[in-house]
Amino acid sequence: MVLSHAVSESDVSVHSTFASRYVRTSLPRFKMPENSIPKEAAYQIINDELMLDGNPRLNLASFVTTWMEPECDKLIMSSINKNYVDMDEYPVTTELQNRCVNMIAHLFNAPLGETETAVGVGTVGSSEAIMLAGLAFKRKWQNKRKAEGKPVDKPNIVTGANVQVCWEKFARYFEVELKEVKLSEGYYVMDPEKAVEMVDENTICVAAILGSTLNGEFEDVKLLNDLLVEKNKETGWDTPIHVDAASGGFIAPFLYPELEWDFRLPLVKSINVSGHKYGLVYAGIGWVIWRNKEDLPEELIFHINYLGADQPTFTLNFSKGSSQVIAQYYQLIRLGYEGYRNVMENCRENMIVLRQGLEKTERFNIVSKDEGVPLVAFSLKDSSSHTEFEVSDMLRRYGWIVPAYTMPPNAQHITVLRVVIREDFSRTLAERLVIDIEKVMFELDELPSRVMHKISLGEEKSEANSDNLMVTVKKSDMDKQREIIKGWKKFVSDRKKTSGIC
């Protein structure tokens, strides 16, 4: 006798994941579903949507690390369940963070004695690091002003207009005026002389950028320090400098060791750096280092004991994963000075390959500098027919994510494309990108110019009325769509006729 078994709807073990009812019906997007679903179905649904994300390795907009060695990946996964803030429970992890702080402080030439420990902390990135450094400057300035019987209601920071948005966040969140030195065409970093002119008795610090987000250029911290020393002597002020080395902090010590930008300069009191950029760690780790203990007011440090022991803490958040701290320590001891230098030299060489390839096309102006963060910022020599934004959009069809953006005020008429050269961007990829950019330029040359495109879309179509007066008639959305389809069909048809089909 043959026994049969009726499969119930809830028995999903016999179903293919894609044939189960969990992927055949849409899930709620903004409310938690009433019922549970199998783990396989949940994984597949989420994984399928994530396929529509861009490829991180081809995301040339980002400075953030997108590749690490498998051995480090294992360390990250094995420590992913450790909460860094539980210092008493995870003392070794705390010790590793302290080692990182001291290694980075020595890398930045902090004036430490042989037995003296560095003052610094790990953060979730340079944004938090800058907030902490800014708070320290503000509190020191307030304390000094109060001791002198002076008002403390109008603090300001002097920066260039090229600063990252986190500086604007700090100024707004913590009520500090942001005084920006405007840029100009051909000079896209802060002018030290103009910056020092803007300093007054309410300036809590001047922020210099070692590696501008816009074009990778290093600002002249040495000149800024020398000019500010003179102004402090003249006025009796003691305005300090903070160096935002988010991108350049792990580059300058290895590629430009003679460049004076760090604690070798007396007015540099704190430095932030992103471990998840050229520190070569996945997103989620930054560092801020102070010159000495006096530069971090004690009243900003909290002491807690409800996790088992007295623990000092100076962060904006509380709980934080340990994985990125461990990964940073791995990179520092795995690569050492020699390894970091090799990585940075390779990035610079690939930058040169890309820059030279773009120059050979004779279609672009190179905006970035040779000395700085290894990136290539470039703009079209002739943007009358097509724009940098169109080049960026067309490159996405080849898988590349290359941002196009306008410069800050006073140079906003300049639009650039930017390619960041990271450790995992090889020479082969650099050469391939040049080939694809040439393809994009050829395709854009074959398309109607922006003016003709507007006319074909019917954005401005002139017709004569009964009185022979020209009036503007706008096409409907459907007419515009038909014109677009017709234009693309003709373009594809012409390409087939000229190139043939294999």
Side-chain angles (χ1 to χ4, degrees), residues 63 125-138 140-141 152-228 230-232 235 237 239-249 261 265 267-272 274 288 367-369 372-373 377 403 405-416 418:
F63 292 83
S126 275
S127 291
E128 184 187 7
I130 285 168
M131 303 287 174
L132 298 178
L135 284 171
F137 282 119
K138 183 179 179 183
K140 281 207 68 175
W141 175 82
V152 295
D153 58 331
K154 294 182 179 180
N156 68 67
I157 285 181
V158 175
T159 70
N162 57 312
V163 292
Q164 216 263 359
V165 69
C166 59
W167 284 98
E168 298 177 38
K169 289 181 179 180
F170 169 77
R172 189 176 301 178
Y173 296 165
F174 296 103
E175 298 181 324
V176 176
E177 180 189 0
L178 192 66
K179 299 171 71 173
E180 294 184 338
V181 178
K182 301 302 181 184
L183 309 184
S184 59
E185 185 172 349
Y187 196 88
Y188 304 116
V189 292
M190 179 178 70
D191 184 332
E193 293 185 359
K194 293 180 180 178
V196 172
E197 288 174 3
M198 297 175 71
V199 169
D200 58 33
E201 62 178 353
N202 293 316
T203 302
I204 64 175
C205 78
V206 180
I209 312 299
L210 195 77
S212 171
T213 300
L214 302 177
N215 68 346
E217 188 175 352
F218 291 166
E219 292 182 346
D220 193 339
V221 188
K222 176 69 165 60
L223 177 58
L224 175 65
N225 177 87
D226 295 345
L227 293 172
L228 202 51
E230 291 302 316
K231 183 154 189 172
N232 285 342
T235 60
W237 305 332
T239 307
I241 295 172
H242 174 86
V243 179
D244 179 358
S247 298
W261 63 274
L265 303 175
L267 291 184
V268 174
K269 302 299 182 180
S270 57
I271 301 172
N272 70 276
S274 292
V288 56
V367 177
S368 51
K369 305 295 184 181
V373 177
Y405 52 89
T406 56
M407 289 293 191
N410 284 25
Q412 64 266 37
H413 59 288
I414 305 295
T415 304
V416 300
R418 187 193 67 206

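All of these numbers come straight from a predicted model, not from anything done at the bench.
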Task: Pairing residues for Lys222 by the salt bridge (Lys or Arg N to Asp or Glu O under 4.0 Å) criterion, not counting sequence neighbours - done: Asp226
Considering only heavy atoms from C-beta outward, does the side chain of [X] approach that of [Y] to under 4.5 Å?
X: Lys182; Y: Lys194; value: no
X: Val206; Y: Val196; value: no
X: Ile241; Y: Leu265; value: no
X: Leu183; Y: Pro408; value: yes
X: Trp141; Y: Thr203; value: no
X: Phe137; Y: Pro240; value: yes
X: Val416; Y: Asn215; value: no
X: Val199; Y: Lys231; value: yes

Which atoms form the tightest heavy-atom contact between [X] and [Y], and what is the distance?
X: Gly249; Y: Trp261; value: CA-CH2, 4.3 Å
X: Trp237; Y: Asn232; value: O-CB, 3.2 Å
X: Ala411; Y: Ser184; value: CB-C, 4.3 Å
X: Val268; Y: Asn225; value: N-OD1, 4.4 Å
X: Lys369; Y: Gly186; value: NZ-O, 4.4 Å
X: Ala207; Y: Met190; value: O-CE, 3.6 Å

Looking at [X] and [Y], would you say the former's side chain and the latter's main chain have a donor-acceptor pair under 3.5 Å?
X: Glu219; Y: Ile209; result: yes
X: Lys138; Y: Ile204; result: no
X: Arg418; Y: Ser368; result: no
X: Asp244; Y: Ala208; result: no

Nearest 0.5 Å, please: how far is [atom2] in [Y] from [atom1] in [X]?
X: Asn272; Y: Ile130; atom1: CG; atom2: CD1; result: 4.0 Å
X: Thr159; Y: Gln164; atom1: OG1; atom2: CD; result: 12.0 Å
X: Ile157; Y: Glu180; atom1: CD1; atom2: CD; result: 11.0 Å
X: Lys269; Y: Cys205; atom1: NZ; atom2: SG; result: 12.0 Å
X: Asn410; Y: Met407; atom1: CG; atom2: CE; result: 13.0 Å
X: Met198; Y: Asp191; atom1: CE; atom2: CG; result: 11.0 Å

Open item on the list: Please list all pairs meeting salt bridge (Lys or Arg N to Asp or Glu O under 4.0 Å) that have one or both residues in residues 158-179, counting only residues at least two apart or in different chains.
Closed with: Lys179-Asp200
Open item on the list: What I want to check is whether the side chains of Thr415 and Thr406 have a donor and an acceptor closer together than 3.5 Å.
Closed with: no
Open item on the list: According to side-chain contact (heavy atoms from CB on, under 4.5 Å), who are the partners of Leu223, at least two apart in sequence or on a separate chain?
Closed with: Pro192, Asp220, Leu227
- [ ] Inspect the surroundings of OH in Tyr187 and state if more than 12 heavy atoms from other residues, nucleotides or ligands are less than 6.0 Å away.
- [x] yes
- [ ] Step through the shown structure and confirm whether more than 12 heavy atoms of other residues, nucleotides or ligands are within 6.0 Å of NZ on Lys154.
- [x] no
- [ ] Quick one: do Leu135 and Phe174 satisfy side chain to side chain contact (heavy atoms under 4.5 Å, CB included)? Show the steps, please.
- [x] CA-CA 8 Å; Leu135 284 171; Phe174 296 103; 3.5 Å; yes
- [ ] Using the six-membered ring wherever Trp is involved, compare the ring planes of Trp167 and Phe170 and label them parallel, tilted or perpendicular (cut-offs 30° and 60°).
- [x] perpendicular
TODO: Under the side chain to side chain contact (heavy atoms under 4.5 Å, CB included) rule, what do Val373 and Phe218 come out as? Steps first, then yes or no, please.
DONE: CA-CA 8 Å; Val373 177; Phe218 291 166; 4.1 Å; yes
